S.K.: 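Let me begin by handing over the structure; questions about it come next.
It should be emphasised that the depicted structure is a prediction, and the values quoted were computed from it without experimental measurement. Index from 1, following the sequence.
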Amino acid sequence: MRYSPSSEFDSIRVWRRVIWYFVAAGLLVIGGFGYWGWLQTEQQIRDKLHIEARLTANSARSVFQGLTDDLPYLALQLRDHGGTSLADDYALLKTYQDHHPYVASFVLFATDGQMLFNTARSCCSIGLPDLREHPAFLKSLQNTLNVPGVWIGQTQRGLVLHQWRIPVRYVIRDQYGNARMILQASVLLRYLIDQWVRDPQLSSTALGLLRVDGLQIARVPAPNPQRLYGTRMTGPLEKILRTDPRKRSGAYEGVVDVDGRHQIGEYVRLPGFPLVAYASVPWTLVILRWWSSVSPFLGLGLLSLIGLVSLTRMQVVRERRHAMELAERARRNPLTGLPNRFALMEWLDERLAQQPSSLVMLRVDLADFHDINTALGPHAGDQTLLETARRILAIGQAAGGFVAHGGGDEFDIALPGATLINANGLARALLSGLGAPMEIDGRILRLQGGIGIGCYPQDAQDSAGLLRVVDSALYNAKREGKSAIALYDPSSGDLSNARVSFQHAIERALDGDEFLLHYQPIVRMRDGRIVSVEALVRWNDPEKGMVPPGEFIPLAESTGRIGEIGDWVFRRACQAAASWRRAGSDLRVSVNLSAAQFNSPDLIGKLRRELRASEVPPASIEVEVTETAVMQDVERSLGVLNGLHAVGLSLAIDDFGTGYSSLAYLRRLPAKTIKIDQSFVRDIDTDPEDLAIVRAIVALAKALGRQTIAEGIENVQQWRLLQGLGVDYGQGFWLSRPMPEAELRRLLRRDGGYLKQLRERAELEG
């Protein structure tokens, strides 16, 4: 075969062509990979910026929403003063300022610009700035006169505080709409910025708050604040706001006026305010992030291209997952893992945007939690919070609620579609769950807490308002005691719509005969024979069905309607006792007196009239008064009890052991019966301390010649123990549940059968 140089050249040409093909293919693949990496890097940064903008918006909104709700109320108070008492106006605003740290000062202006007073100075300070000497301030103030509601002004360096602050103004008008004064709350810029994310996910991040007309309200970092807050911006974000004013959130890119740098960013509008929160980073950061993510793979060549793409994909997915984890972590309490206050606000915003028929908020605050940290140490405090969170979560989720841990020792539960009765039942369950024994580092703790309740839409129309009213209700609960439940009650003294609705329901129930009595037998311990019954009220609501007293009685107490219900119960109990007496039964009926009835000045006369009207002997009725009610005013209580005794009524001290009565007072009380509280009976067969307490109460009663009734007997072991201790009488679900009158009559007719059944059950279970 003859050698041909042209064939060699042809082969070289082919290989060269193949190499170029491979190079072109490799460049195409690498270019495609680089472009894909660019898109992924940009999307990651935008996701993180959106999170930062959202958090910034939530923080700013909580501040401005509070002032939007409160300034009209404060203005109304100032207007009612008639402008004649600047000292009173100053004191009112100073008190508000002391409880709201984000308000640096309150300023009251006349409509011509005269500064009447500034809470940053004393009330009667002289030498306050005259705005007529500062045209920019005067023009800004006069612009406020044409605004119908709350106005958020241009960020300025204050003339009194000499600090950067955001003026929030509201015009005080007379009844004809004429402007009388201008009220200004100065929000300290430093406070607002401090509430933002302190450790941003991206370096070089700029966070800010922009008015939709282009004025910067707050920004960090803030180069040249004088220019920043004094110039109307015309950058890419401002153009988007002008062209698409209805868009709630979005992205922007371009050269910004603040520092002349090319930026990419994300923005979120603040609902109800002409404000936009934004987060941005320099364009160069995107380039550096992209280069750092793709440069390790560019030199590996075509053979490792598929592997490199896979690895890069894994890295991108991991970073995206990490960003999602950071976002989720920002919405969780680091100790308990429950949603935090930001997550609760987002959940409420989404749920209230659907305009539900109702939504009830409960806020739980542990009592004396600081003492646990001090006495047992921070580790025990953390363990206590973890166990508390577990209990509250279990109870709240069982009721269909959203549970959040706002921080410290406060927890929130939101109940969609709930009513005040549902919320009160949940609150009672929470207090019971907290009060159950809790073992922490070898110590047994029983926690107490206050609970505040607020309702949508009766008490508030949005999430921020709902959180404020529930916090106000919690404050009232703390003032009432360590284990108190309080409904929201506006400071003006007017009852909330939710409370008024409940009172109307009580009036309807009384007028429509919706209440009825159930009777729980009280038996003699030595032989099990029924000797009396306790009358217990029930509410047969036509909409909700049978409502137990534990759900509506506390609400009736807090709304002042418990006295009318108590009067109805006593009247019906007297009528029932008279009916039984005519039928040949001498069964005695026990009736509970509420604290409101016991403190009524007309109590004795009212009971005497009911006894006379029903023609029942007073000895057929036993009146039960709680130990706590008696000990509130011992001398007065002795007078009332002696008066009841003189009428001929039998007297019993209920819930004995839960108050603070002394032997000296107890021996003076004319009550012949002491009822041992069920909290001591409940664990008497498992808790030696409860057993010792009951033994001491029985011994005390015998020494004073009193009889004892044990409440809450739920099993045969408790029955046997109480018999052995010498308790005289007992009641509880194990003996018999409360029942309607017709069922009680049938039970009494077969009294012998009941005794036989009771003995058989005791032998079978014991």
S.K.: Looking at residues at least two apart in the chain, or sitting in another chain, which of them share a ring pair (Phe, Tyr, Trp, His ring centres under 6.0 Å) with F106?
M.R.: Y96
S.K.: Which heavy atom of A460 sits nearest a heavy atom of G465, and at what distance?
M.R.: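 A460 and G465 have their closest heavy atoms at CB-C, 3.4 Å.
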S.K.: Which pair of non-hydrogen atoms, one from A423 and one from V360, has the smallest distance, and what is that distance?
M.R.: CB-CG1, 3.3 Å
S.K.: Checking Q184 against S186: is there a side-chain donor and acceptor pair closer than 3.5 Å?
M.R.: yes
S.K.: Run through I193, L192, D194, V187 and flag the one making a side-chain contact (heavy atoms from CB on, under 4.5 Å) with R190.
M.R.: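 Only match with R190 under side-chain contact (heavy atoms from CB on, under 4.5 Å): D194.
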S.K.: Are I453 and V470 close enough that some pair of their side-chain heavy atoms sits under 4.5 Å apart?
M.R.: no
S.K.: For the backbone of A389 and the side chain of T336, can you confirm whether one donor and one acceptor N or O come within less than 3.5 Å of each other?
M.R.: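 Checking the backbone N and O of A389 against the side chain of T336, no donor-acceptor pair under 3.5 Å is found.
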S.K.: Is it true that R341 and E346 have a side-chain N and a carboxylate O under 4.0 angstrom from each other?
M.R.: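 No, R341 and E346 are not salt-bridged.
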S.K.: Sequence neighbours excluded, which residues qualify as salt bridge (charged side-chain N to carboxylate O under 4.0 Å, His left out) partners of D462?
M.R.: none
S.K.: side-chain contact (heavy atoms from CB on, under 4.5 Å) between Y170 and T144: does it pass, once the steps are laid out?
M.R.: CA-CA 8 Å; Y170 184 82; T144 310; over 6 Å; no
S.K.: Please name the pair of heavy atoms, one in P271 and one in R248, separated by the smallest distance, quoted to 0.1 Å.
M.R.: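 Smallest interatomic distance, heavy atoms only, reads CG-NH2, 4.0 Å.
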S.K.: Just how far is it from atom CG of N224 to atom CD of Q226, taken to the nearest 0.5 Å?
M.R.: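 Between N224 CG and Q226 CD, I get 7.5 Å after rounding to 0.5 Å.
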S.K.: Start with the C-alpha distance between D412 and R363, add both sets of side-chain angles, then the distance that settles salt bridge (Lys or Arg N to Asp or Glu O under 4.0 Å), and finish with yes or no.
M.R.: CA-CA 5 Å; D412 295 293; R363 176 161 292 173; 2.6 Å; yes
S.K.: For R169, enumerate each residue passing the salt bridge (charged side-chain N to carboxylate O under 4.0 Å, His left out) test, keeping only those at least two apart in sequence or located in another chain.
M.R.: none
S.K.: Taking the side chain as every heavy atom from C-beta outward, state whether V258 and P223 have any pair of such atoms under 4.5 Å apart.
M.R.: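 Yes - at least one pair of side-chain heavy atoms lies under 4.5 Å apart.
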S.K.: A side-chain contact here means heavy atoms from C-beta on lying under 4.5 Å apart; do F117 and L93 qualify?
M.R.: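 Sidechains of L93 and F117: in contact.
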S.K.: Mind checking salt bridge (charged side-chain N to carboxylate O under 4.0 Å, His left out) for R242 and listing every partner two or more places apart, or none if nothing turns up?
M.R.: none
S.K.: Excluding sequence neighbours, so at least two apart, what forms salt bridge (charged side-chain N to carboxylate O under 4.0 Å, His left out) with D409?
M.R.: none
S.K.: Let me confirm one number: the OH-CG distance from Y252 to L49, rounded to the nearest 0.5 Å.
M.R.: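 Here the interatomic distance stands at 8.0 Å.
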S.K.: Where do N118 and A120 come nearest, in terms of heavy atoms and distance?
M.R.: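 So the two residues come closest at OD1-N, 2.8 Å.
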S.K.: Between N143 (side chain) and K139 (backbone), is there a donor-acceptor pair under 3.5 Å?
M.R.: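 Side chain of N143 to backbone of K139, a donor-acceptor pair under 3.5 Å: yes, one is there.
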S.K.: CD1 of I152 to CG of L67: how many Å apart, nearest 0.5 Å?
M.R.: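 Taking CD1 in I152 and CG in L67, the distance rounds to 8.5 Å.
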S.K.: Any chance you could measure N178, atom CG, to T111, atom OG1, to the nearest 0.5 Å?
M.R.: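 Going from CG on N178 over to OG1 on T111, the span is 10.0 Å.
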S.K.: If I take atom CZ from residue R121 and atom OH from residue Y90, how far apart are they, to the nearest 0.5 angstrom?
M.R.: 10.5 Å
S.K.: Hey, are the side chains of E266 and S280 touching, using non-hydrogen atoms and a 4.5 Å cut-off?
M.R.: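 With C-beta onward as the side chain, the pair stays apart.
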S.K.: So, for A279 and L207, which heavy atoms are closest and what is the spacing to 0.1 Å?
M.R.: CB-CD2, 3.6 Å
S.K.: Is R211 reaching over with its side chain to a backbone N or O of I217, donor-acceptor style, under 3.5 angstrom?
M.R.: no
S.K.: Are any side-chain N or O atoms of S59 and backbone N or O atoms of T56, one a donor and one an acceptor, separated by less than 3.5 Å?
M.R.: no
S.K.: Donor-acceptor pair, R269 side chain versus P245 backbone, under 3.5 Å?
M.R.: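 Checking the backbone N and O of P245 against the side chain of R269, a donor-acceptor pair under 3.5 Å is found.
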S.K.: Taking atom types as modelled, find out whether E253 and H262 have a side-chain donor-acceptor pair closer than 3.5 angstrom.
M.R.: yes
S.K.: Taking the side chain from Y229 and the backbone from R219, do they hold a donor-acceptor pair closer than 3.5 Å?
M.R.: yes
S.K.: Counting N and O atoms only, with roles assigned by atom type, does the side chain of R332 sit under 3.5 Å from a partner on the main chain of G337, one being a donor and the other an acceptor?
M.R.: yes
S.K.: Go through the side-chain N and O atoms of D257 and T231 and say whether any donor and acceptor fall under 3.5 Å apart.
M.R.: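 Judged by distance alone, the side chains do not pair up.
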S.K.: Please find the pair of heavy atoms, one from G449 and one from L431, that lie closest to each other, and give the distance.
M.R.: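 For G449 versus L431, the nearest heavy atoms are O-CD2, 3.2 Å.
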S.K.: Using atom types as modelled and distance alone, determine if a side-chain donor or acceptor of Q97 lies under 3.5 Å from a backbone N or O of A104.
M.R.: yes
S.K.: Test V403 against L338 for side-chain contact (heavy atoms from CB on, under 4.5 Å), laying out the working first.
M.R.: CA-CA 7 Å; V403 181; L338 292 177; 4.2 Å; yes
S.K.: Is a donor on one side and an acceptor on the other found under 3.5 Å between the side chain of Q65 and the backbone of S62?
M.R.: no
S.K.: Please answer whether the main-chain N or O of N340 pairs with a side-chain N or O of R331 as donor and acceptor at a distance below 3.5 Å.
M.R.: no
S.K.: V107 and L183: side-chain contact (heavy atoms from CB on, under 4.5 Å), yes or no, with the steps?
M.R.: CA-CA 6 Å; V107 188; L183 175 61; over 6 Å; no
S.K.: Give, for atom CG of L241 and atom OH of Y278, the distance between the pair rounded to the nearest 0.5 Å.
M.R.: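 The distance works out to 11.0 Å.
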S.K.: Is there a side-chain contact (heavy atoms from CB on, under 4.5 Å) between L209 and L270 once you walk through the steps?
M.R.: CA-CA 10 Å; L209 199 63; L270 275 69; 4.0 Å; yes
S.K.: List the residues meeting ring pair (Phe, Tyr, Trp, His ring centres under 6.0 Å) with F402, not counting sequence neighbours, and say none if there are none.
M.R.: W347
S.K.: Could you verify whether a donor N or O on one side chain and an acceptor N or O on the other, from Q163 and R157, lie under 3.5 Å apart?
M.R.: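 Side chains of Q163 and R157: no pair found under 3.5 Å.
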